[in-house]
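I have a structure I would like to understand better, so I am pasting it below and will then ask my questions one at a time.
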Amino acid sequence: MADIQFPNILLGPGTVTATVLDNNGAPATVLEADQQFTIRVDWTLSALAAALLGGQMLLATYVESIGAGPEQQVGPTVTVPLDGSTAYTADVVVPATTLPNNPAPPASGVYKVATVLTHQNFGAITDVVGVVEGPVLRIG
């Protein structure tokens, strides 16, 4: 879980969590590359932030290879309109074969994951942001 940063402290607090849903049996940190997988993101806003923020939240997930390999966004950017609620859930669905299947050394198939939640209003990105780092995944 991570905090959401607000430019005005009166709008906080807010939190964001990201959970990788297993695509091939426990543990959820080892996934099959030839099957899609999902990252479920939940976030909360204070009642004041929920009442005052308009626009939408943009949700994106990135991977950074440990060792040789890709560093990229995985899955599409998900747009969630803000409707005055204090709790939201959205999924980033990563298509099958987005990342290499059982790469040979020096590629490890191990990735650090970062999920970023940003606020957009009137087409502009604001200073409201939350970043969840982790978990470390083996995809092969």
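Fair warning: this is a prediction, and the values are worked out from it, not measured in the lab. Counting from 1, the numbers follow the sequence of the chain as shown. Side chains included, hydrogens not; waters and symmetry mates left out as well; all remaining heavy atoms used.
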query = Quick check: does any side chain N or O of Ser85 sit under 3.5 Å from a backbone N or O of Ala87, one acting as donor and the other as acceptor?
reply =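 No; judged by distance alone, with no hydrogens or angles, the pair does not exist.
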query = Is Leu21 isolated, or which residues cluster with it under the ILVMFWY side-chain rule of less than 4.5 Å, directly or via members?
reply = none
Pairwise side chain to side chain donor-acceptor pair (under 3.5 Å) hits with a residue in residues 72-82, at least two apart = Gln73-Thr77
Throw together a table of side-chain donor-acceptor distances under 3.5 angstrom for residues 92-108, partners on residues two or more places apart or in other chains.
residue: Thr98; atom: OG1; partner: Pro95; partner atom: O; Å: 2.6
residue: Ser108; atom: OG; partner: Ile66; partner atom: O; Å: 2.4
residue: Ser108; atom: OG; partner: Val110; partner atom: N; Å: 3.0

ask   = Taking only residues at least two apart or on different chains, which pairs with a member in residues 69-106 satisfy ring-ring contact (aromatic ring centres under 6.0 Å, His included)?
value =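 Residue pairs passing ring-ring contact (aromatic ring centres under 6.0 Å, His included), neighbours aside: Trp43-Tyr88.
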Ignoring hydrogens and angles, write down the donor-acceptor pairs under 3.5 Å from the side chains of residues 46-57, residues two or more places apart or on other chains.
residue: Ser46; atom: OG; partner: Leu11; partner atom: O; Å: 2.4
residue: Ser46; atom: OG; partner: Ala49; partner atom: N; Å: 3.1
residue: Gln56; atom: NE2; partner: Gln120; partner atom: OE1; Å: 2.5

key: Distance, nearest 0.5 Å, that separates CD1 of Ile39 from OG1 of Thr17   =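 Result: 12.0 Å between the selected atoms.
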query = Can you list the residues that meet the side chain to side chain donor-acceptor pair (under 3.5 Å) rule with Thr118, with sequence neighbours excluded?
reply = none
query = Among all residues two or more places apart in sequence or in another chain, which pass the side-chain contact (heavy atoms from CB on, under 4.5 Å) test with Asp3?
reply = Thr15
ask   = Measuring from Leu59:CG to Arg40:CZ, what's the distance to the nearest 0.5 Å?
value =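 If I round to the nearest 0.5 Å, the distance is 11.5 Å.
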task = Under the salt bridge (Lys or Arg N to Asp or Glu O under 4.0 Å) rule, collect the residues that match up with Arg138, sequence neighbours excluded.
result =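 In terms of salt bridge (Lys or Arg N to Asp or Glu O under 4.0 Å), with neighbours along the sequence ignored, Arg138 is linked to no residue.
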query = Would you say Val116 and Val80 are hydrophobically clustered, going by side-chain heavy atoms of ILVMFWY under 4.5 Å?
reply = no
Show the atom names and distances, to 0.1 Å, of all donor-acceptor pairs under 3.5 Å that link a side chain in residues 26-38 to residues at least two apart or in another chain.
residue: Glu32; atom: OE2; partner: Asn24; partner atom: ND2; Å: 3.3

ask   = What pairs of residues pass the ring-ring contact (aromatic ring centres under 6.0 Å, His included) test when at least one of them lies in residues 54-73, not counting sequence neighbours?
value =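 Matches after skipping sequence neighbours: none remain.
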task = Group every Ile, Leu, Val, Met, Phe, Trp and Tyr by side-chain heavy-atom contacts under 4.5 Å, then state whether Ile4 and Leu10 land in the same group.
result = yes
key: Worked check of side chain to side chain contact (heavy atoms under 4.5 Å, CB included) between Leu45 and Leu82   = CA-CA 10 Å; Leu45 302 172; Leu82 294 175; 4.3 Å; yes
ring-ring contact (aromatic ring centres under 6.0 Å, His included) contacts touching residues 89-112 (sequence neighbours left out) =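 Pairs touching residues 89-112 that pass the test: none.
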key: Pair Thr115, Thr61: side-chain N/O donor-acceptor within cut-off below 3.5 Å   = yes
Name the atoms and distances for all side-chain donor-acceptor pairs under 3.5 Å in residues 124-132, with sequence neighbours left out.
residue: Thr126; atom: OG1; partner: His119; partner atom: ND1; Å: 2.9
residue: Thr126; atom: OG1; partner: Val128; partner atom: N; Å: 3.2

